[in-house]
A.B. asks: 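Structure in structure tokens, see below.
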Amino acid sequence: MAAKKPPQGGRNQIKSVKTSVEISGVQFKNPVLTASGTFGYGLEFAHLVDLSSLGGIVVKGISMKPIKGNPPPRIYETASGMLNAIGWQNIGAVEFITRKLPALRKYDTRVVVNIVGFDLEEYLEVTRFLNDCPGISALELNISCPNVKKGGFHFNKNPRDAFEVTDKTRKASPRLPLWVKLSPNVTDIREFARACADAGADALSVVNTFVGMAIDTEKRRSRLRFGTGGLSGPAIKPIALRMVWEAAREVKIPVIGVGGIATTSDALEFLIAGARAVQVGTASFYNPAASQDIAEGLERYCRSHSIADVNELVGSLKT
Amino acid sequence: MAAKKPPQGGRNQIKSVKTSVEISGVQFKNPVLTASGTFGYGLEFAHLVDLSSLGGIVVKGISMKPIKGNPPPRIYETASGMLNAIGWQNIGAVEFITRKLPALRKYDTRVVVNIVGFDLEEYLEVTRFLNDCPGISALELNISCPNVKKGGFHFNKNPRDAFEVTDKTRKASPRLPLWVKLSPNVTDIREFARACADAGADALSVVNTFVGMAIDTEKRRSRLRFGTGGLSGPAIKPIALRMVWEAAREVKIPVIGVGGIATTSDALEFLIAGARAVQVGTASFYNPAASQDIAEGLERYCRSHSIADVNELVGSLKT
Amino acid sequence: MLDKRIKVKKIQDLGAGNHLLRLASPKQAGLTRPGQFLMLKCAQGINDPPLLRRPYSIFDIWRQPKTGHPAGMDILVKNVGGGSARLAGLKPGDAVQVLGPLGRPFEVPVGLGNRIRFACLVGGGVGIAALLLLARKLLEQNTHPVLFYGGRVPDDLVLREPFERLGIETHYTTEDGSMGERGQVTLPLEGFLSRYARAGLRVYACGPWGMMKAAHNLAVRHEVPCEVSLEARMGCALGACLGCTIRAWDEKGEEQFLRVCQEGPVMSSRTVDWETPPI
Amino acid sequence: MLDKRIKVKKIQDLGAGNHLLRLASPKQAGLTRPGQFLMLKCAQGINDPPLLRRPYSIFDIWRQPKTGHPAGMDILVKNVGGGSARLAGLKPGDAVQVLGPLGRPFEVPVGLGNRIRFACLVGGGVGIAALLLLARKLLEQNTHPVLFYGGRVPDDLVLREPFERLGIETHYTTEDGSMGERGQVTLPLEGFLSRYARAGLRVYACGPWGMMKAAHNLAVRHEVPCEVSLEARMGCALGACLGCTIRAWDEKGEEQFLRVCQEGPVMSSRTVDWETPPI
Ligand SMILES: Cc1cc2nc3c(=O)[nH]c(=O)nc-3n(C[C@H](O)[C@H](O)[C@H](O)COP(=O)(O)OP(=O)(O)OC[C@H]3O[C@@H](n4cnc5c(N)ncnc54)[C@H](O)[C@@H]3O)c2cc1C
Ligand SMILES: Cc1cc2nc3c(=O)[nH]c(=O)nc-3n(C[C@H](O)[C@H](O)[C@H](O)COP(=O)(O)OP(=O)(O)OC[C@H]3O[C@@H](n4cnc5c(N)ncnc54)[C@H](O)[C@@H]3O)c2cc1C
Ligand SMILES: Cc1cc2nc3c(=O)[nH]c(=O)nc-3n(C[C@H](O)[C@H](O)[C@H](O)COP(=O)(O)O)c2cc1C
Ligand SMILES: Cc1cc2nc3c(=O)[nH]c(=O)nc-3n(C[C@H](O)[C@H](O)[C@H](O)COP(=O)(O)O)c2cc1C
Ligand code: FES
Ligand code: FES
């Protein structure tokens, strides 16, 4: 049961733990954020989670104009995971700023806005708009959503395109830090990490969902009306962790780990692999308090292991 | 409970079902094979499975000379899956032909030999050697194993290399059908399917394992001595299924579905998506009889659904 | 709405794969309104599969014998797959993680009794589970609920007694007529509508998509308001994932996607696009 | 070797997370030899996680009171994680899928008693589970088994009674000496070896890697044969996946990887590379 003993062999516990992490000049009170599209606009979880206990909230992907999304069925559960093809349904940037952000700002947590668009111009338009809005700590550029026929996804098919969209968006958001969210559906994530870093990205979120499929053998139809969907949940954790580890060694900018994180120990794996922070996604669906549990769990872990600063964990993997 | 009613609404059951499928001129008594590396040389399972009930057995990857493999630990369980980094440990082609194949040939099933090598010359050498051995129904070219530092894997990093190794190996095995086993760790599996088909592959096995990782948070070390490992099991099924569907629509040669298949219904999904046959892998570890159960289950399904020929299912997905 | 680990008080096998599960949770019971549902974690550990919770209508509220205060909820579970099988296997004393009550309830305006004479409750299979609390509420509003309850075979017509105990008019149907009328539940409904539509009616339906669609069409033909309680696969049930949407029409008759967990499960049947089933 | 769905006859809590599980399976019991193990599916459904089965030594064979025929196996389960927790939670009457008996048993040549005087059985923690059947076999061969059993605290020293009932010499150790000698189990072992090495000895060890390594080093120093029962994560336990290997040396002193499920779990300690733990 080595698993339960501290490695340093029971040094005295320490009083206070520094849990805050810095990402592109912005301080997050702890390294636990919620993943875009899995926590709505944050407010949906307000009675079940103390939003102020979170490092930050990455809201559902926002476009300039509202998007209706894909026809149902949109989700299907798979072994330790789920497929989704929501199709970017969102209320649009104006509605978000006027109706959601003010309420969200009442909480003591960081708001990161995930942005989507069907072509480069749409990305730039929503970026320029949000860049001037107070109460936003960073933008997360989603060029990796597999669930729309055209749009963001193809930017993540080749590093040159990823460079271009990052470069242009970077210039369209002079005020706000820009995170780029990478797709795992690539041969070598390092090429994309490097391209986005070179284009001026302030941080990378690794990763989005894996393109998957499930079939109703009786109807001989896809379980999702859209056909394919994005796979998320604990099933993908080992692949996401490997990609975070590769990306973190490839670039100097912070990497934020996403993919199958459901427990404190999952979050620790990502930090040790090199992630500066983590995002909790699918776990919030079946355990609404997962993100808060993990934020608190990380602090407990540091205390019981005499780790004075959570940043000591980042990239501490021995090889 | 629509799930349990036949779609045609209870036509009378039919007497005999044609379960055999043809892959590059070779008849397999049914579409269920065992996946390379998960069923040893077949004989290990002989007291638990009726080997003659299987369409075929794909044996562990064979190289010309024996290979010792990677240091332990080599495996680790993850959510609905497992990581492995065996590192091609095998007894070598001569030992296989003299000590394993004769015993295996006593069973009424097809033997497919998965071949591995650290460079092109090694692939060709073992191919030439096996091409002359009786009792082998096909070769499966493994250019997609993630668990060796050098070797096959890089052939699957770009379609040109995949074309070259397929083309050369094809010419080195004039007598035996050549299957190529693709890696899922690519941006677009269709490019690789097309390249291998163009190079003369007789069939494609889709897919091998996904590169993943797991970390012991106490030791701050990878759970596998090799560092990363190949993810397999039900966790990957949705991604493998999607790739089989893409590959089957891209090429005319048969596609053999592999990845997380553990039940009859899993196998049906792959056939409906376009697979001519399936391979059962990790499931055999925790349910040694999984492959036989599925072979029998498919026949039962066809009978109860009045499907006279299992080939009717192949690629029958409605879109 | 709360997320609580609560105890199974008892579980009753109703046959044909149906089980009545009695859960102890005064707070959640006290908040419940007719047509709302719960999200149940179907495995022991919160991270054990099936990962996603499963939605179940609140069939009834049971009360403290002495005080008469709400003590918990009864739910009807039909075993159709991995999650429901686990729920059906629960034993008294077992704990389950339960989120709820959730969703938009049935509309029963005060004084509805003065405006309409009969309320037609149309249930198919486990859809019956959404209708008992509604029937009580309707009686409180001095309307006359009439139950139309259909199944394939008699065994599918579970939990009739609680309705009969209310002393309301009931119409049962089975495919072969071995219980009640022969055929679809919409058959007696149609007769009833043509007879009483002018008297002022409302239709409330919960069951298979096809049945609700048929009920909707009848309601439209007879110009009667109709609410349906819809089903969809759910992720969060909090309105966050947008996974549970159905295709619907907005005021301008344009396509919109509504969340069954928020704008539903109960919706006016007129807003639903009946050509696009969500499952 | 068989793969059977068998019944839990009883389960006994031994404290400190240890449980003794009695399984009913005459056939598998009849095939068992000292040092062999079983692979248990730790979940209900064969496809439920944890997917991979878990290896457990066969601690004892229990018999029909009347006939004396083998009736099943006893295994010792320490709760250390997902799978073992599920096993520890099993109730009498529950069914488990069990593969076995598996692996290479301890070597007890016939007439061993004429060649050696004492057999030192060295157990650490749950490693004790591999040694009881061996002790009996050794007694049959007229050797004198001596048990060296160490744990961190007294609670770790479970299942001492079955050994004491054999009337054999026993040495216990705990870290603080609150039971038996103070320190590592290799302390009394070392004393014993230096005293009796010339008399003809054998060492059989099962426990944590470090303990077996220490026992091995002592055996080498005193030129005594030593067998160890090793642990590794296992996939198939059939010799097929090559996942359970340890690093070892062949005759020529070259690196080789041996399968704990086939060439083991029992191996000569001389072949093992003690610098490369397999877990
Ligand atoms: C608001 C709401 C209220 C519900 N109330 C009840 C109730 O009171 N009693 C009851 O027995 N069931 C009810 N259901 C349906 C119930 O949620 C599903 O039967 C359950 O989720 C199936 O889970 P499973 O894991 O057992 O089946 P799965 O393994 O997920 O699927 C097995 C089969 O069930 C079907 N199925 C899965 N989910 C649903 C769904 N949401 N609706 C219809 N079919 C589905 C699948 O298509 C498949 O054929 C309700 C659903 C909703 C949305
Ligand atoms: C041949 C053999 C015989 C064994 N006999 C017994 C026995 O009689 N009684 C008993 O309690 N245990 C025995 N074990 C160990 C037992 O198999 C593991 O404790 C079990 O597999 C842990 O599974 P888990 O899912 O509970 O833990 P996991 O969740 O898989 O892991 C939890 C912790 O247990 C450790 N662990 C996992 N697998 C092993 C392993 N194979 N060996 C050692 N530590 C491990 C992990 O490193 C981790 O720290 C034996 C192992 C082998 C190989
Ligand atoms: C229902 C759903 C909706 C999602 N919507 C978005 C989105 O709008 N933008 C985005 O960048 N990622 C989106 N994601 C991806 C998640 O943010 C996350 O990257 C992915 O789910 C992997 O993390 P997880 O396994 O913890 O869920 C969505 C995921 C799910 C399941
Ligand atoms: C332990 C192990 C060893 C494997 N060895 C090989 C191999 O030698 N050659 C090969 O082509 N694939 C090998 N594979 C990959 C499997 O054949 C299969 O492609 C993969 O496991 C996905 O299928 P599954 O999810 O059903 O296991 C191995 C897989 C495992 C788990
Ligand atoms: S289930 Fe998530 S929005 Fe309705
Ligand atoms: S566990 Fe598969 S070879 Fe030993």
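Protein chains get the first letters and strands the later ones, always in sequence-line order, with residue 1 at the start of each. Please read all numbers here as calculations on a predicted model, not as lab measurements. When reading the values below, keep in mind they use all heavy atoms of this one structure, side chains included, and skip hydrogens, waters and symmetry mates.
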A.B. asks: Would you mind checking which part of A:Ser316 comes under 4.5 Å of any heavy atom in chain B, side chain (CB onward), backbone (N, CA, C, O), both or neither?
C.D. replies: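 Its backbone and side chain both get close to chain B.
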
A.B. asks: For A:Ala273, is it the side chain, the backbone, both or neither that has a heavy atom under 4.5 Å from a heavy atom of chain B?
C.D. replies: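 The answer is both parts of A:Ala273.
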
A.B. asks: Tell me, out of B:Gly260, B:Ala240, B:Ala214, who's got the most heavy-atom pairs with chain A below 4.5 Å.
C.D. replies: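 Highest number of heavy-atom pairs under 4.5 Å: B:Ala214.
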
A.B. asks: State, to 0.1 Å, how close A:Leu231 and B:Pro238 come at their nearest heavy-atom pair, and which atoms those are.
C.D. replies: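 That would be CD1-CG, 4.0 Å.
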
A.B. asks: Could you tell me the separation between the CD1 atom of B:Ile272 and the CG atom of A:Asp216, rounded to the nearest 0.5 Å?
C.D. replies: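 If I round to the nearest 0.5 Å, the distance is 8.5 Å.
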
A.B. asks: What's the spacing between A:Leu241 CG and B:Thr78 OG1 if we round to 0.5 Å?
C.D. replies: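 Spacing of CG (A:Leu241) from OG1 (B:Thr78) equals 11.0 Å.
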
A.B. asks: Side chain, backbone, both or neither: which part of A:Leu268 has a non-hydrogen atom closer than 4.5 Å to chain B?
C.D. replies: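 Both parts, backbone and side chain.
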
A.B. asks: Side chain, backbone, both or neither: which part of A:Leu317 has a heavy atom under 4.5 Å from chain B?
C.D. replies: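 Both parts, backbone and side chain.
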
A.B. asks: CD1/A:Ile215 to CG/B:Leu271 distance, rounded to the nearest 0.5 angstrom?
C.D. replies: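 A:Ile215 atom CD1 to B:Leu271 atom CG measures 9.5 Å (nearest 0.5 Å).
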
A.B. asks: Does the pair A:Thr228 and B:Trp245 meet the rule for a side chain to side chain contact (heavy atoms under 4.5 Å, CB included), with working shown?
C.D. replies: CA-CA 10 Å; A:Thr228 58; B:Trp245 174 70; 3.8 Å; yes

A.B. asks: As a quick check of understanding, evaluate side chain to side chain contact (heavy atoms under 4.5 Å, CB included) for B:Thr319 and A:Arg221, giving each step before the final call.
C.D. replies: CA-CA 7 Å; B:Thr319 41; A:Arg221 287 190 192 291; over 6 Å; no

A.B. asks: Is there a side-chain contact between B:Glu269 and A:Thr217, using heavy atoms and a 4.5 Å cut-off?
C.D. replies: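 A side-chain contact under 4.5 Å exists here.
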
A.B. asks: How far apart are the C-alpha atoms of A:Glu218 and B:His305, what are their side-chain angles, what is the distance that settles it, and do they pass the side chain to side chain contact (heavy atoms under 4.5 Å, CB included) test?
C.D. replies: CA-CA 9 Å; A:Glu218 296 305 324; B:His305 289 65; 3.0 Å; yes

A.B. asks: Does the side chain to side chain contact (heavy atoms under 4.5 Å, CB included) test come out yes or no for B:Ile239 and A:Val211, once each step is laid out?
C.D. replies: CA-CA 6 Å; B:Ile239 318 179; A:Val211 183; over 6 Å; no

A.B. asks: Most heavy-atom pairs under 4.5 angstrom with chain B, which of A:Lys318, A:Arg242, A:Met243, A:Arg225?
C.D. replies: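 Top count of heavy-atom pairs under 4.5 Å with chain B: A:Arg242.
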
A.B. asks: Side chains of A:Thr187 and B:Thr187: any donor to acceptor distance under 3.5 Å?
C.D. replies: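 Present: a donor and an acceptor within the cut-off.
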
